[in-house]
Amino acid sequence: MTSPDLLGNALFGPGDPPLRPLPDRAAELLRELDAPPRLAAHLRAVHDVAYDLVEWVTRRHPQLPLDREAVLFGAATHDIGKTAHPTELSGPGSAHEVAGRDLLLSHGIAPHLARFAATHASWTAPDVTIEDLLVSLADKAWKNKRVTELEDLVVRALAEASGRSAWEEFLDLDDLLTAVGEGAEARLAFQGAYPV
């Protein structure tokens, strides 16, 4: 059983840099599932980056239809299936993806919010949305990992919405991801301070 203090600190405690709290329902689910503190810390770090991404996209591309709350909830719960597959907290595996979606659905989470648990690693699927891409991007950018294929898909979606060239959109996104990457060491340290 997880120490409530460790889980509570991972969910709500101060970080360096300070991290935004998870959406209430996501935090409640992690408590109900007795999530490992490391998982809660990871979800909080990814959610924090997703918040920055959503704010940036909304500010720069107000014409782009974007479900802000879905992205934030998706980032906050994308790896929740690791509560059922704890070996994937410290090793490779994809069993947590479908398990996470099913777990969220079984707890009454709407399908359009539960889907991110299953889609966060499959950004090339034919029905991928900008929301899916942003959750996937946050899950990489939080630790300063750059994935060209994923970034190209985000750039394409932004260029289609704005009418600007892909190159212009890439330069702006690159600047944002470079800035986000500067906080990666602190986010990794925050996550690493909690046990698996």
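His120 places a side-chain N or O within donor-acceptor distance of the main-chain N or O of Phe116, the cut-off being under 3.5 Å. In this structure a side-chain-to-backbone donor-acceptor pair under 3.5 Å is present from Ser165 to Glu168. Put simply, the side chain of Arg38 gets close to the backbone of Gln191: a donor and an acceptor are under 3.5 Å apart. Of the possible polar contacts, one joining the Arg187 side chain to the Trp142 backbone as a donor-acceptor pair under 3.5 Å is found. No donor-acceptor distance shorter than 3.5 angstrom exists from the side chain of His85 to the backbone of Gly81, with no hydrogens or angles considered. Within the 3.5 Å criterion, the main-chain N or O of Glu88 finds a donor-acceptor partner in the side chain of Lys82. No donor-acceptor pair closer than 3.5 Å links the side chain of Thr58 to the backbone N or O of Glu55. Side-chain atoms of Arg44 come within 3.5 Å of backbone N or O of Ala10 as a donor-acceptor pair. Judged by distance alone, the side chain of Arg20 and the main-chain N or O of Asp48 form a donor-acceptor pair under 3.5 Å.
With rounding to the nearest 0.5 Å, the separation of CG in Leu150 from NZ in Lys140 is 8.0 Å. Residue Leu188 holds its CG atom at 9.0 Å from CG of Asn144, rounded to the nearest 0.5 Å. Interatomic distance, Ile130 CD1 to Glu160 CD, rounded to the nearest 0.5 Å: 9.5 Å. For the atom pair CH2 (Trp123) and CG (Leu133), the distance works out to 10.0 Å, reported to the nearest 0.5 Å. Considering CG of Leu137 and CG of Leu177, their distance stands at 5.0 Å, rounded to 0.5 Å. Atom-to-atom distance recorded for Glu131:CD and Arg68:CZ is 12.5 Å, nearest 0.5 angstrom.
Comment: Arg146 engages Asp174 in a salt bridge, judged by a side-chain N to carboxylate O separation of less than 4.0 angstrom. The pair Glu28-Arg25 counts as a salt bridge, with a side-chain nitrogen and a carboxylate oxygen less than 4.0 angstrom apart. A salt bridge is absent between Arg156 and Glu169; no separation between the charged side-chain nitrogens and carboxylate oxygens falls under 4.0 Å.
Two residues are said to be in side-chain contact when any heavy atoms from C-beta on lie closer than 4.5 Å; Glu69 and Leu113 fail this criterion. Counting only heavy atoms from C-beta outward, the side chains of Asp127 and Asp132 never approach each other to under 4.5 Å. The closest side-chain heavy-atom distance from Leu11 to Pro21 is not below 4.5 Å. Side-chain contact between Asn9 and Tyr194: present, with at least one pair of heavy atoms (C-beta onward) separated by less than 4.5 Å.
Residues Leu22 and Ala76 come closest through the heavy atom pair CD2-CB, 3.6 Å.
Linking ILVMFWY residues whenever their side-chain heavy atoms come closer than 4.5 Å, directly or via other members, places Val46 and Val49 in the same cluster. Placement of Phe73 and Val57 in two distinct hydrophobic clusters is found when ILVMFWY residues are connected by side-chain heavy-atom separations under 4.5 Å, directly or transitively. Residues Leu19 and Leu176 fall into different hydrophobic clusters, defined by Ile, Leu, Val, Met, Phe, Trp and Tyr side chains chained together at heavy-atom separations under 4.5 Å.
Each of Ile80, Asp102, Thr77, Leu29 was checked for a side chain to side chain contact (heavy atoms under 4.5 Å, CB included) with His107, and the lone residue meeting it is Leu29.
Between the side chains of Ser94 and Glu97, not a single donor N or O lies within less than 3.5 Å of an accepting N or O. Thr129 and Arg115 form a side-chain donor-acceptor contact under 3.5 Å, judged by distance and modelled atom types alone.
Ring geometry, Tyr51 versus His47: the interplanar angle falls from 30° to 60°, so the pair is classed tilted.
Proximity of the aromatic rings of His78 and His96 is defined here by a centroid distance below 6.0 angstrom, and this criterion is not met.
With sequence neighbours left out, Glu182 forms a salt bridge (charged side-chain N to carboxylate O under 4.0 Å, His left out) with no residue at all.
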Kindly determine whether Leu134 and Leu66 satisfy side chain to side chain contact (heavy atoms under 4.5 Å, CB included), including the steps that lead there. CA-CA 10 Å; Leu134 291 175; Leu66 178 68; 3.7 Å; yes
